[in-house]
Every structure is written in C-alpha cells, then in structure tokens.
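Heavy atoms only: backbone and side chains are in, while hydrogens, waters and symmetry mates are out. Protein chains get the first letters and strands the later ones, always in sequence-line order, with residue 1 at the start of each.
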Number of protein chains: 2
Amino acid sequence: MATIRDVARHAGVSISTVSLALNGTGPVSEETRARIDAAVAAVRYTPNLMAQNLKRGQSKLVGMVLGDAANPFFGRLFGTIDKHISGHEHMLIVANLASDPDRELRTLTLLKRHRVAGIIMTPLRNDPEFAAHLNELDVPVVLVDQDVDGTALDFVTSDHRRGAEMLTEYLARLGHRRIAYVGGQRNMWVAERRLEGFRSAMAEAGLEVDPELEIVADYSADLAYENVMRLMSSPGRPTAILAANNYMAIGALQAVNDLGFRCPDDVSIAGIDVVAWSSIVMPRITTVEQPIDELARVASLWMMEHVRGEAERDGERRCHVAEPKLVIGHSCAPPPK
Amino acid sequence: MATIRDVARHAGVSISTVSLALNGTGPVSEETRARIDAAVAAVRYTPNLMAQNLKRGQSKLVGMVLGDAANPFFGRLFGTIDKHISGHEHMLIVANLASDPDRELRTLTLLKRHRVAGIIMTPLRNDPEFAAHLNELDVPVVLVDQDVDGTALDFVTSDHRRGAEMLTEYLARLGHRRIAYVGGQRNMWVAERRLEGFRSAMAEAGLEVDPELEIVADYSADLAYENVMRLMSSPGRPTAILAANNYMAIGALQAVNDLGFRCPDDVSIAGIDVVAWSSIVMPRITTVEQPIDELARVASLWMMEHVRGEAERDGERRCHVAEPKLVIGHSCAPPPK
DNA sequence: CGATCCTATCGAAACGGTTCGATATCAATG
DNA sequence: CATTGATATCGAACCGTTTCGATAGGATCG
C-alpha cells in the first residue's frame, strides 16, 4: 500500500512538504500542491490512520459496548449514537457483550489497548470490583441506561423507577389488585429501580404485594413464559401482569395466549420498554417507552465534549435522567368480575 | 499513559527485553520475567495496539458496515458475527449506513484509512461506479445479504428468490388468485431477486400478475401502509398480500387492521424476513426466515481466512447461498368466498 | 546595501512499539 | 585451553506519520 514516501518521491518533494500540503498546515505553493495532488492520485495514497493517531497521540475511535446487540433497544441506541459520533470524522468501534457480564472487563481493556478516545457503554455488572476497574481505566466513559455504583462517570438514563410506577399506577387505577411483577436479575441496577417503582406504586395505591407474584425471570422470554404459565395455572392467579422488559412481556403474552386466556379480557398485560417496532403486536401492549433518541443525543454530546477535552472535570459527575413515556395500548382493561 | 519505556526503566532492563518477555518471543530468565511483570503492574502498562499494529503491518480490526442498525435483522447479524470475530482477539469497527447509500463510499475509505484487516458489509448500492470502487479498494471484502454486480468478492446470502417463491406458492395453494406484492426499491439487488421469485411463482401457478397489485414501497412501513390502504379500499382489492420485508409487512397489517378488515379471515398477509422477535405479533405472520446464524458463521469464517491469508485467491469468487425457511403462522387462510 | 521578514521547502527527531543482528556469559566439548 | 553452542540481554533500525527548527531565496525597509 502506498505511503507518504511514495507520494513524495513521485512528486519530487520531501515527505514533510507532502504532509504539510495534505493537512493544510503550513504554506505550500500552488504548483507544488498540484503536483502532490497528482501524485496522491497516481500512487493511490490513503493516509494510514494508525500512524497518524500514534504520532498525534490521539485516536479518532470511540468505543461502544452494547449489552445485547440482538435486542432492538441496543440496535436503535447504537444507530442513533453512531449518527452523532460519525459526523465528527470519528468512528465507533463496537463490542457486543451478548448479555455475558464476564466479557465486560476483557472488552474494556481491549478498547483501552486501542487507545479509544472514549467509551460509551451500557454496563451489565454492578459490583465493587467492576467499579474499581472502571475508576482505574483512565479513559473517558459515559454510562448509558444502567449505572455502576461507586463510580463518578457521566451517566445517561431514563427514569426506570418512574416508568415502572407509571404502569403500576395505571393498572391500579383500572381496578387491579392482584398484580404480578415479572422482573430481571436482582443484582442489576435497572432491574432494582424498576422493582422499586413497582413496589412504591403498589404501596401508594394501598395494595399489598404477594411475594408469590413477584417473579425473577432474568429478562428472558422463556423464563417469563414458564413462570407466567405457572402463575396463571394456579388458583390465586393475578388479574394483571407487569413485565419489566420487552422480552418478558412477549413471553408473558405468549403464555397467556397458550393457556387460552384472552388479553385484555381475562388478564391485562403491561410491559416496560416494549419497543415501537412491536407496535403492531396485537393487542398493542401498553408500555413505557424510553426516549432512545434523547439518551443517544446526550451521551454522544458528552462523549464529544470529553474527546475535545471540553469536559470541565470539576469533580461532579453529570447525570441525565430522561422521562419515560406512557404509551397506552389495548392490552389492559379493568379486571374481570 | 505508561509506555514500554516506563516498564523497562522500572524493571531495570532494556526495552527489547520487555517486548520479548511480554510477547513470549525469545528466551527470558524467570527472574527477569518476574521483575517485568511486577513493573507492568506497578506502572499500569497497557500495550498500545496502534503502535503494535503499525510496526507489525497488520491490524486486528475488522470493519463491518451495516445497512440499518435499527433493523433487528442487522442487529442479530452483527451480534452473531461479533461473537465469531471477537474470539480471535480481533475487534469489529462498525459503521451504520442508516439506509443512506451516499454514506457508503465515504465509510469504506474511512475503514481503509484505519487499515482494517477486512470488511464485512451489507451493501446498499449496486451500480458500476460503486463496483469499481469496491474492486480498487484492495481490502478483503465479504458481502452479506446483497450482491454488487461486477465484483468478484466473496458473497454470503440466502436464496431471496426462492424465499419469495415459497410464500407465493403457499398463498397460491391456499387458493388465492389476486395476490398483491409490496416490494422494495427496484434498483436493489435483494428486491429484484424477491420480485423475480414472486413473478416466477405466479407464472408457475398459472396466475397473472395485475400491475396494479405490484407495489414499490421502498422497504418502509409508512409507504407500505399508505399503499395497502389504497389497495384495500379499491374495488379490485387483493385477497392476499405478500410484503417483501418485515417493516412493510407490519405496515400492511396495520393498514388492514385500521380499515377494519380481519386477518386472515378477510385478507391473508405473508411477509419475508419477519424476524423471530416479532413472533408474537398476533396473528403470527407467515414468513420466510433467513438463517442469520448461518450467514454470520460463513461470513466470519471467510473473513478470518482472508485475515490469516489463507484464502486461496484462485480467481474464483466464493458464494454461499443459504436456504430460507418457511415459517407458517396464522396470518394466511383460503380467500373468502 | 545590510538587516529584516515572508514564503516555500527540507531534514531529523519523535510517537510506541517489534525484531534482527550483535554481545556477553557460561557450561559443555574435543 | 581454545571452541562451540546455548541462553539471556541489548542497541539500533524501522513501521508511517507529524512537527519543530533550520535553510535558502526573494521582497521590503530604513
């Protein structure tokens, strides 16, 4: 592959002159510039970014770590962030965790080896060991969606607790008293917030939570399916089900259908974060949506500030909490008599 | 950030010894190795991959160009390819075209500047100018999903033509005679193949295609919605609709619902490539699925062969055509009397 | 006319690594 | 004892750039 040396030789000038001409830094005569341009085309020169970055001591790469690329939430998040980042002649180098927390640390150090200018990540782990690593990483990081306790990193999320509250309140107002909650892993930040929201809204509505109806289904459609099957087959079955993410909502709906119940006539279903894409799921599921575009915009903005060195590190971490939006579908109705 | 020089100084050895020890190339005494390891930990050394790659003349980066990251098809494709690639201490550097063909060329040259070891891409454009650029790129490329005529690049796809045929045959066997086809842009490779499949299966079944019922909706749910609204409001409305991708299938179903028709009682709907994720769309849409895992596996395999220099370039391009799978849902029935 | 200041160009030193060809030490060999 | 051959370590060149300081040839000025 052609190097700057080839261009210089072909144009009959020195290497430094080529560099000055190509980068527009330093004065170059019209004539020389023309010869250089011709040479570039002749030898098909493409500047080596690795060499440029090495020399300049900065990289035009921004790392992005996704919790689960197959989930449309992350797909849209990535797409929108990419739109913002790649405008500034930067590129995203993306790693997918495939929901496997063990890959998280390895991925981060690999990105650091690449000397990325910064990392935007949706973390999975939330434990002191991980927080310690994050703090020692020495690369600007913006967390999205999920927090890691014990770090002072910029953090962009939506109000997961409020989202769960909104749906719970909605179900309670419809008259439901036995509401089942199908939630994610107990040790995950987002799952905790959503569970809090559910419980607080239940308390607020004067309803008590039956421990039997509080399920942990690890964000998996299959586990949700099994649990809802069991729940709906038992005598004290709920009249409404709140699922804490899109996959589990789908699993729940499937289970309800397969048992011959009808939604919303026999049982109401609401799901958090059931992405717009599934809006024609029939019945359309009542949900709270995260404002993905807003999350992506703020995260990208903050990241670019870090990259440009504009982020005034006054010790205070920045947090942006976006408001989720209640989208009423046709999956909820008053409980059957 | 600590460099190899710092490690050397801290351990009291030369730079080259550190390099030899860390890479396991060349003999290093137990004692020295221990001192070096200690020094690495002490100064928190992380090798600079840009420098390593520059010197070694190779990069551990593989480029991936996605047609539309927000579409779950690409999300799953990316996730699965990443799983294969990142096993070999490589990383994926991903760019999203957001369905904008104009970004395609720029993205490719940017990836080349990064000296990626290869590029896996789902192209949008299919024209001679683009093919020429691709041929001159001088970077190993594996095309996925969509072909570019006039190149000799490795190509992994599924049998789009056959997929459309299967669905058309299925609808014809159910007794439908007026089948509408909602297709993608006419200049796109995949769209052409699917249209061919539709027409050939129609001919095979002895049905004629009403030009009025052959819609171009650019893979957009909105356009499909509008067109199906129009179609279903006209006197000669079809009894079945075949949509050429997931978005358009959703648009079509929505339109049918909004007009008060019932699917499949009043009209049957089948869609190509309606991803598993939407399997609980009610009624579950009859579809042909692309074997994404297979596509990803073959593409990754071939890419790694290129990266390792094992690809015997004997002039012949490699093509892998996977068989799509007919998944029968509940969205199709015999036409109403 | 010598000093001064642009303008255009160049050489050389980095950037952070790898790697090849020394060199030094020491035990084994003839 | 002089060779030989490992073994362990090092110095220096190089990968493809950028960039700083130097140089040289005018034009401008007092």
Checking side-chain polar atoms at under 3.5 Å, does [X] have a donor or acceptor matched by the opposite partner on [Y]?
| X | Y | value |
| --- | --- | --- |
| D145(B) | H160(B) | yes |
| N126(A) | N187(A) | no |
| S19(B) | S16(B) | no |

*Taking the side chain as every heavy atom from C-beta outward, state whether P140(B) and V307(B) have any atom pair closer than 4.5 Å.*
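The answer is no, as the side chains (C-beta and beyond) never meet within the 4.5 Å cut-off.
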*Heavy atoms, side chains only, cut-off 4.5 Å: are V116(B) and V139(B) in contact?*
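Of all side-chain heavy-atom pairs linking V139(B) with V116(B), at least one is under 4.5 Å.
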*Find the distance between CD (Q290(B)) and CG (L77(B)) and round it off to the nearest 0.5 Å.*
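Rounded to the nearest 0.5 Å, the CD-CG separation comes out at 9.0 Å.
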Rounding to a whole Å, what distance do you find between [X]:[atom1] and [N]:[atom2]?
| X | N | atom1 | atom2 | value |
| --- | --- | --- | --- | --- |
| D6(B) | dC15(C) | CG | P | 11 Å |
| L54(A) | dA14(C) | CG | C1' | 10 Å |
| M50(A) | dC15(D) | CE | P | 13 Å |

_Listed partners of L20(B) passing side chain to side chain contact (heavy atoms under 4.5 Å, CB included), at least two apart_ =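 So L20(B) forms a side chain to side chain contact (heavy atoms under 4.5 Å, CB included) with T25(B), V28(B).
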*side chain to side chain contact (heavy atoms under 4.5 Å, CB included) partners of D68(A), counting only residues at least two apart*: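 By the side chain to side chain contact (heavy atoms under 4.5 Å, CB included) rule, D68(A) matches A70(A), N71(A), F74(A), S99(A), Y247(A).
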*Who passes salt bridge (Lys or Arg N to Asp or Glu O under 4.0 Å) against D127(B), sequence neighbours left out?*
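Partners of D127(B) under the salt bridge (Lys or Arg N to Asp or Glu O under 4.0 Å) test: R125(B).
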*Return the set of residues passing salt bridge (Lys or Arg N to Asp or Glu O under 4.0 Å) with R115(A) (not counting sequence neighbours), or none when no residue passes.*
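Testing R115(A) for salt bridge (Lys or Arg N to Asp or Glu O under 4.0 Å), a comparison that skips the adjacent residues, returns none.
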*With sequence neighbours excluded, give me every side-chain hydrogen bond (donor to acceptor under 3.5 Å, both in side chains) pair touching residues 39-54 of chain A.*
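For residues 39-54 of chain A, and leaving out neighbouring residues, there are no side-chain hydrogen bond (donor to acceptor under 3.5 Å, both in side chains) pairs at all.
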_Do the side chains of D293(B) and K83(B) get close enough for a salt bridge, i.e. N-O under 4.0 angstrom?_
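No, no charged N to carboxylate O under 4.0 Å.
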*State whether R318(B) and E305(B) are salt-bridged, where the test is any N-O pair (Lys NZ or Arg NE/NH1/NH2 against Asp/Glu carboxylate O) under 4.0 Å.*
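Judged by the 4.0 Å cut-off on N to carboxylate O distance, R318(B) and E305(B) do form a salt bridge.
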*asked:* Run through DNA chain D and report every stem of 3 or more consecutive Watson-Crick or G-U pairs, distances under 3.5 Å, ordered by first number.
replied: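 Stem list for DNA chain D: C:1-30 with D:1-30.
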Using atom types as modelled, flag every donor-acceptor pair under 3.5 Å from a side chain in residues 105-114 of chain A to any protein atom, sequence neighbours excluded.
unit_1: T107(A); atom_1: OG1; unit_2: R103(A); atom_2: O; d: 2.5
unit_1: T109(A); atom_1: OG1; unit_2: R106(A); atom_2: O; d: 3.0
unit_1: K112(A); atom_1: NZ; unit_2: L137(A); atom_2: O; d: 2.9

*Scan residues 130-158 of chain A for pairs that pass ring pair (Phe, Tyr, Trp, His ring centres under 6.0 Å), counting only residues two or more places apart or in two chains.*
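Applying ring pair (Phe, Tyr, Trp, His ring centres under 6.0 Å) to every pair that reaches into residues 130-158 of chain A, excluding sequence neighbours, yields F155(A)-W189(A).
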*Enumerate the residues from residues 27-34 of chain A whose closest heavy atom to DNA chain D is under 4.0 Å, giving them by residue number; use none for an empty result.*
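Nothing qualifies; none.
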*Strand contacts (DNA chain D) in residues 35-44 of chain A, 4.0 angstrom heavy-atom criterion*: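 None - not one residue of the stretch has a heavy atom sitting under 4.0 Å from the strand.
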Write out a two-atom table: protein N or O, nucleotide N or O from nucleotides 23-27 of chain D, distance below 3.5 Å.
none

Distances under 3.5 Å between nitrogen or oxygen atoms of protein and nucleotides 17-22 of chain D:
unit_1: dT17(D); atom_1: OP1; unit_2: Y45(A); atom_2: OH; d: 3.1
unit_1: dT17(D); atom_1: OP1; unit_2: N48(A); atom_2: N; d: 3.2
unit_1: dT17(D); atom_1: OP2; unit_2: I4(A); atom_2: N; d: 2.6
unit_1: dT17(D); atom_1: O5'; unit_2: Y45(A); atom_2: OH; d: 3.1
unit_1: dT18(D); atom_1: OP1; unit_2: N23(A); atom_2: ND2; d: 3.0
unit_1: dT18(D); atom_1: OP1; unit_2: Q52(A); atom_2: NE2; d: 2.8
unit_1: dT18(D); atom_1: OP1; unit_2: R56(A); atom_2: NH2; d: 3.4
unit_1: dT18(D); atom_1: OP2; unit_2: S19(A); atom_2: OG; d: 2.6
unit_1: dT18(D); atom_1: OP2; unit_2: N23(A); atom_2: ND2; d: 3.3

